[in-house]
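Beneath this line is the structure, given in C-alpha cells, with notes to follow.
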Amino acid sequence: MNVTIRISGAVALAALLTFGLAAQQAPATPALHAKASRRLIIKNAMVIYGNAKPPYGPIDVVVQDGLISYIGSTPDTSSNAVRPSDAVIDAAGKYVMPGIVNAHMHWHEERQPGIPQPIQYERNLYLAAGVTTTREVGGDFDKSKRWQAESQAHTIISPRIFVYPFVSKGRTGSPAEIRAWIRDIKQRGADGLKIIGMDRDQLEAIMDEAHKLGLRTATHIAVEETTASDYAELGVNSIEHFYGVADAALTGIQNFPPDTSYSNEVHRFGRAGELYAQADPARLSKIIDLMVEKHVAWDPTFSIYEASRDLVRAQNQPWFRDYLHPSMEEYFKGSLDNHGSYFLGWTSTQEARWKQQYRIWMDAVREFARKGGLVTTGDDAGYIYSMYGFGISRELELHEEAGFHPLEVIEHATWNGAKLLGMEDRLGKVREGFIADLVIVNGNPIENLKLLNPNGADVMLLNGRPASNYSPLGPHDRAQPARGGGIEWTIKDGIPYHVPTLMREVKDMVARARAQRVNTTAGQP
Ligand SMILES: [Zn+2]
C-alpha cells in the first residue's frame, strides 16, 4: 500500500514568486492568534456588510467583549480611541466581511474506517475558510453537544456549532415513536432536526411535534413518497441539496429504468443526474412559488455533487497535495461501501447529464431567490472529493456561476445563514451590536471569490504588486502570476485566529498521518 497523492501541476507553484498565505517559509504565529482581548481594533479595512450593500471604507471596526462596538474612523480622543491595551490588526488593503455560516456540514473523526482523523483538522480547515458558524445536520449528537459547549466557552478552537440530529424512526417508524424521540432529543438540547427519507404520516408527525416544541427543521428529501410540496406545505425550514424539488415538478414519477436499485450508489447518483431534465418547467416554477410562499429556505450544496459533472477536476484539486488527510484519501477511492464514492466506470454521458442538471438546478435556485426565497450556503464536505473548508469556498464560486452577484453570494453565506438559524438579531452582518464573527481577506472577494480559498488563489502581480488582471499595461510594465489571497484572520466572538497558522497545523497533521500510515503499512504486499 502506498500513499501516492494525486496532484496537478502544483509543483509549478514553487517556482513562482509567492507572498501572503503562499509564502514558502510559513509565517510566524502572531501573538494575537487565539487570544481573547478586551478590545480589538481592525484598522483601515474595506467593509463588506453581509447584506449585499456595496463595500465601504477604508474604516475601522472596533470589537469589545466579543461584540462589534463601533464602525467608523477611530478618533484620537474619545471612548473609541486606540488605547495601549488594545489589540490592533492593520487591515490596509484587506476586506472585512462577516464570518461564513456553513449551513450544511458534519463533524467527522474518521472517514476510512480504521484511519482516525483528528477533529481539530476539520475545525482548522473550516476556520481557515472563514466559517465561524456551523449547522451540523446529522452527526454524533452527544459529542457535538459537548463540542458546542466547548466552542462557546472558547476552550477549543472551533467555529460555533448548531446541532440538528437525524430524526430517528424508532423501532417501527410509527408516528407515536417518532414523536417520543423528538421530545426526548429536544430535552437533550437539539437545536433543530434533520429529516431524511420519510413517508407522509411520519412527516406529519415530525412537523407537528417540531412546531409544538419550537424546533427548526432541515430536510434531505431523497426520492420518497414525500416531495418538496409535502415539506413546504407542512412548514419545513430548509430544503437541502436538489432532491424533492424537481420530484414535485415531474409529470408522474422519475423515469427509472427497470434494473434500478436505489441501494447501489452508481444507480442512485447516476439517475439523480437525470432528474431535473425530466421536470416540467411550469410545475417547477409552481413548486418554487410554494416554497417562497411558505418561507422554506433552500440550501443547495452545489459543491458536493460537482464530481458528478467533472470527475477529473474533483480528483485533482491542488490542495490535496498538502492537506488531504489519508483517512479521506482512502475513503474517496471508488467503492460501493463508502457513501458518496460511487465513481466506478463513471461515463461521459453521466457527466453530461449532470452538467445539464446543474444548469436547470442553478436556474431554479436563482428563480427561487428572485421571487424572494432565502438561499444559504453549505458544503456537506468529507464526501465525494470535497474537503472541509475548500468545499464551502467552492460553494460560493458555484453560487456566482448560478448567476448571483458576488455581493449576493456573500449575503447567502453570511446574513442568510444567520436568518436560517434564527440569529438575525445578532449574527451575520458587520453591524454595531452584532457578534464579532469576522473574516479579514487578503484582497477583495467581490472581485474574486477564489480569494476565500484556504489555499489562496492565483493572482496577478503588476510590477511586483497585486493588481487587477484588467489593468492597462505599458511597454515597461511587468505582469507575473503569483499565489496570493486567502483569509488572513478569522475572528469568532472577537477572538482572532491566524489562518496561515491554522493551515500550517493542518499540513503538519496530514504529514504526521501520512508518515504513520507508511510505517504501519510498510512490508505489506
Ligand atoms: Zn449532509
Side-chain angles (χ1 to χ4, degrees), residues 100-112 117 119 122-123 125-126 129 131 133-141 143-144 147-148 159 161-169 185 190-198 206 216-224 226 228 231 236-245 247 262 265 268-269 272-273 275 296-308 314 327-328 331-332 337-342 361 365 375-396 398-399 412-413 417 420-421:
I100 290 173
V101 177
N102 186 350
H104 188 124
M105 57 75 65
H106 307 274
W107 293 108
H108 294 141
E109 290 184 286
E110 179 183 270
R111 299 311 297 124
Q112 184 67 25
Q117 184 177 280
I119 193 66
E122 184 173 347
R123 291 172 183 156
L125 281 172
Y126 275 133
V131 173
T133 298
T134 56
R135 186 177 69 147
E136 189 189 36
V137 282
D140 182 326
F141 182 76
K143 263 189 192 165
S144 294
W147 292 335
Q148 175 183 53
I161 298 171
F162 287 82
V163 187
Y164 285 38
F166 285 117
V167 174
S168 164
K169 290 182 182 175
I185 205 78
D191 300 305
L193 300 172
K194 167 75 174 297
I195 309 168
I196 181 164
M198 292 292 167
I206 294 167
R216 286 176 184 258
T217 48
T219 181
H220 168 140
I221 298 175
V223 185
E224 292 287 335
T226 46
Y231 280 87
V236 79
N237 291 101
S238 73
I239 291 175
E240 309 296 303
H241 316 307
F242 60 91
Y243 300 99
V245 180
D247 300 76
Y262 206 69
E265 287 205 343
R268 174 178 158 189
F269 287 96
L275 171 64
V296 181
W298 196 350
D299 187 29
T301 67
F302 291 125
S303 56
I304 194 59
Y305 302 102
E306 203 181 9
S308 307
S327 195
M328 256 194 296
Y331 184 84
F332 287 164
D337 298 329
N338 294 342
H339 172 49
S341 301
Y342 48 87
W361 176 25
V365 171
V375 177
T376 56
T377 57
D379 70 357
D380 206 5
Y383 306 91
I384 324 183
Y385 297 105
S386 178
M387 279 181 65
Y388 318 107
F390 295 96
I392 195 76
S393 152
R394 182 64 184 158
E395 183 70 17
L396 270 61
L398 293 174
H399 281 238
H412 294 176
L420 179 70
L421 292 162

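Keep in mind that what you see is a predicted model, and the values were worked out from it rather than measured. Read the numbers this way: they start at 1 and go in the same order the structure lists the ligands and their atoms.
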*Tell me whether His104 has at least one N, O or S atom under 2.8 Å from the Zn ion (ligand 1).*
yes
*Which of these, Trp147, Phe141, Trp107, sits in a side-chain contact (heavy atoms from CB on, under 4.5 Å) with Val163?*
Phe141
*Just give me the atom name: the N, O or S atom of Asp380 closest to the Zn ion (ligand 1).*
OD1
_Name of the residue among Glu122, Lys143, Gln117 meeting side-chain contact (heavy atoms from CB on, under 4.5 Å) with Glu109_ = Lys143
*Parallel, tilted or perpendicular: rings of Phe166 and His106 (30°, 60°)*: parallel
*asked:* Any N/O/S atom from Glu240 (main chain or side chain) under 2.8 Å of the Zn ion (ligand 1)?
replied: no
*Among Met105, Glu240, His241, Glu395, whose side-chain contact (heavy atoms from CB on, under 4.5 Å) with Asp380 holds?*
His241
*Flag His106 as yes if one of its N/O/S atoms falls below 2.8 Å of the Zn ion (ligand 1), otherwise no.*
yes
